[in-house]
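Below: the structure, in structure tokens.
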Amino acid sequence: MAILKKNKLGLTSKILIGMGAGIALGLVLRITFPESDIVNDYITEGFLHVIGTIFISSLKMLVVPLVFISLVCGTCSLSEPSKLGRLGGKTLAFYLFTTAIALVVAIVSAVLIHPGNASLATEKMEYIAKEAPSLSSVLINIVPTNPMQALSEGNMLQIIIFAVIFGFAIAHIGERGKRVAALFEDLNEVIMRVVTLIMQLAPYGVFALMAKLALTLGLGTFESVVKYFFVVLGVLLVHAFIVYPTLLKLFSGLNPLIFIRKMRDVQLFAFSTASSNATLPITIEASEHRLGVDNKIAAFTLPLGATINMDGTAIMQGVATVFIAQVFGIELSLTDYAAVVVTATLASIGTAGVPGVGLIMLAMVLNQVGLPVEGIALIIGVDRLLDMVRTAVNVTGDCVATVIIAKSEGEFNEAVFNNTQAGKISANFDGS
């Protein structure tokens with residue numbers, strides 16, 4: 001029995017197998033049955049769509065209760081107003097700082113490599129940008145008039161504000177507050193157990209998602225913008241595996257290699273789902289049980305990061321802005337580049353929670369520097385695959401910030417972080 005348990009595949013291995021099998025199946029069906037209505041109706045939009053959608057929905061189902069309950073639990077333990085304000089200030093400052101770094105690296109890379117080709121400007125381009133919310137409306141709407149509506153609609157910024165206020169009130173009503181806090185602690189344990197159960201479906205969900213992607217996303221899509229694609233991809237990888245580990249080492253002194261090893265599962269989930277919110281249950285579980293972050297820190301920084309930390313999206317915007325300018329033969333000045341950095345950095349907060357946020361933010365940036373928004377049509381074809389990669393980058397940044405802030409607040413267990421046996425997700429999903 002001991003030998004069988006030892007050789008049992010962990011969840012990470014199962015997910016990788018599911019991912020590889022899904023891509024292989026999708027490519028085989030695409031080559032064998034090109035433009036088949038039967039394959040499209042019954043496999044792509046039938047079986048694979050149903051399984052993939054159920055998996056994503058099961059993850060999203062947990063996001064609102066997990067964020068609300070975790071934030072209430074975390075805020076309850078931060079009874080001092082000064083500590084809560086300090087934690088919020090550190091978190092916001094770090095996310096804005098890394099977003100600015102991402103933009104600068106992206107712009108410099110795009111200028112040096114020059115992915116844009118003026119001949120593409122002759123292509124028929126049409127893109128209608130959604131209107132971004134004004135700063136005043138963002139500030140007004142950040143406080144919910146109806147908390148139940150915010151919870152039902154999944155408005156993350158409003159949920160965060162309400163949960164923080166609610167948790168702060170619980171911490172300041174004495175014995176009654178302690179009883180309510182104990183209830184939320186129990187609810188938090190229940191939610192984490194539900195996460196455990198749903199994760200057993202992950203290999204099958206990832207298989208369906210990757211198979212459908214391979215069936216619907218042809219390599220021909222990349223022909224006109226292949227250079228743009230690889231510039232964005234390269235900067236994303238540099239940010240994830242050079243910039244973040246450097247910041248982690250600089251601000252915490254921890255071993256970046258251990259961090260990257262333990263982030264593998266979270267990155268896989270983020271890549272498969274292309275949603276920071278859908279990955280949030282896994283991100284919180286990993287931060288607490290494998291990275292050694294106390295719940296009161298993870299419950300605050302991670303939901304906030306999933307909402308406003310958009311380093312991956314910022315990289316896309318930086319490269320796309322330069323790319324579109326090059327396509328249309330428009331010279332951008334240093335002032336324009338500075339405007340791009342400032343606008344996109346602040347917009348990462350202002351457009352948080354808005355559907356299609358990446359392209360909305362890009363439209364805002366293009367308008368700021370006088371570039372044609374229609375140029376977005378050039379990059380839509382490859383944006384889905386890049387979105388998957390930049391989501392993995394975003395959640396990596398969320399966890400780096402969380403570890404650094406937890407260590408600075410003395411809410412970090414370095415023994416758990418350095419324990420390599422806690423590095424596999426299966427260690428927490430074996431029913432024990």
Side-chain angles (χ1 to χ4, degrees), residues 11-12 15-16 19 55-56 59-60 62-63 66-67 70-71 91-92 94-99 101-102 156 160 192 195 198-199 202 205-206 209 232-233 235-245 247-248 256 258-293 297-316 348 352-353 357-358 384-406 417 423-425 428:
L11 190 59
T12 303
I15 291 170
L16 286 171
M19 185 178 290
F55 175 59
I56 295 295
L59 287 173
K60 289 184 175 180
L62 297 175
V63 171
L66 178 65
V67 169
S70 295
L71 266 176
T91 306
L92 188 60
F94 188 88
Y95 287 146
L96 291 177
F97 175 63
T98 56
T99 300
I101 290 177
M156 297 309 296
I160 289 170
M192 294 311 296
V195 173
I198 287 179
M199 283 309 96
V206 169
L209 290 168
V232 176
L233 182 63
V235 178
L236 286 170
L237 294 177
V238 166
H239 200 67
F241 296 108
I242 296 179
V243 175
Y244 283 145
L247 292 174
L248 181 70
I258 294 177
F259 174 83
I260 291 172
R261 191 184 311 134
K262 293 192 172 188
M263 279 299 298
R264 187 172 48 197
D265 308 309
V266 180
Q267 291 168 336
L268 280 173
F269 275 104
F271 180 82
S272 302
T273 62
S275 170
S276 295
N277 281 336
T279 312
L280 191 56
I282 317 304
T283 313
I284 292 177
E285 189 276 339
S287 293
E288 294 180 18
H289 296 103
R290 286 177 283 152
L291 297 178
V293 177
I297 303 297
F300 183 87
T301 59
L302 291 174
L304 191 60
T307 307
I308 70 171
N309 182 37
M310 300 183 182
D311 289 4
T313 304
I315 288 169
M316 178 273 286
S348 66
V357 63
R384 167 61 181 169
L385 191 55
L386 288 174
D387 189 27
M388 298 167 75
V389 180
R390 62 180 182 252
T391 303
V393 172
N394 288 343
V395 298
T396 303
D398 295 344
C399 288
V400 167
T402 298
V403 169
I404 290 173
I405 292 167
F417 180 88
K424 291 185 178 180
I425 200 168
N428 296 311

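Note that these values count all heavy atoms, side chains included, but never hydrogens, waters or copies made by symmetry.
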_Asp311 side chain to Asn394 backbone, donor-acceptor under 3.5 Å_ = no

*For Asp398 and Leu302, indicate whether the former's side chain and the latter's backbone hold a donor-acceptor pair under 3.5 Å.*
no

Check whether any side-chain heavy atom of [X] sits under 4.5 Å from a side-chain heavy atom of [Y], and report yes or no.
X	Y	value
Tyr244	Cys399	no
Thr391	Phe271	no
Ile101	His239	yes
Asp265	Ile15	no
Gln267	Thr396	yes
Leu247	Phe94	yes

*Working to the nearest 0.5 Å, report the span between CE of Met316 and CE of Met310.*
10.5 Å

*Look up atom OG1 in Thr279 and atom CG in Leu268, then write down how far apart they are to the nearest 0.5 Å.*
10.5 Å

*Check Thr99, Leu92, Thr98 against Leu96 for a side-chain contact (heavy atoms from CB on, under 4.5 Å) and give me the one that passes.*
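So the option named by the test is Leu92.
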
For [X] and [Y], which heavy atoms make the closest approach, and how far apart are they?
X	Y	value
Phe269	Ala202	CE2-CB, 3.4 Å
Ala298	Pro303	O-CD, 3.5 Å
Met263	Val395	CE-O, 3.9 Å
Ile260	Pro245	CD1-CG, 3.8 Å
Gly312	Leu236	CA-CD2, 3.7 Å
Pro256	Leu248	CA-CD2, 4.0 Å

*Of all residues at least two apart in sequence or in a different chain, which pass the side-chain contact (heavy atoms from CB on, under 4.5 Å) check with Ala240?*
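Scan of Ala240 (side-chain contact (heavy atoms from CB on, under 4.5 Å), adjacent residues dropped) gives Val393.
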
*Regarding Thr301 and Thr91, is there a side-chain donor-to-acceptor distance under 3.5 Å anywhere?*
no

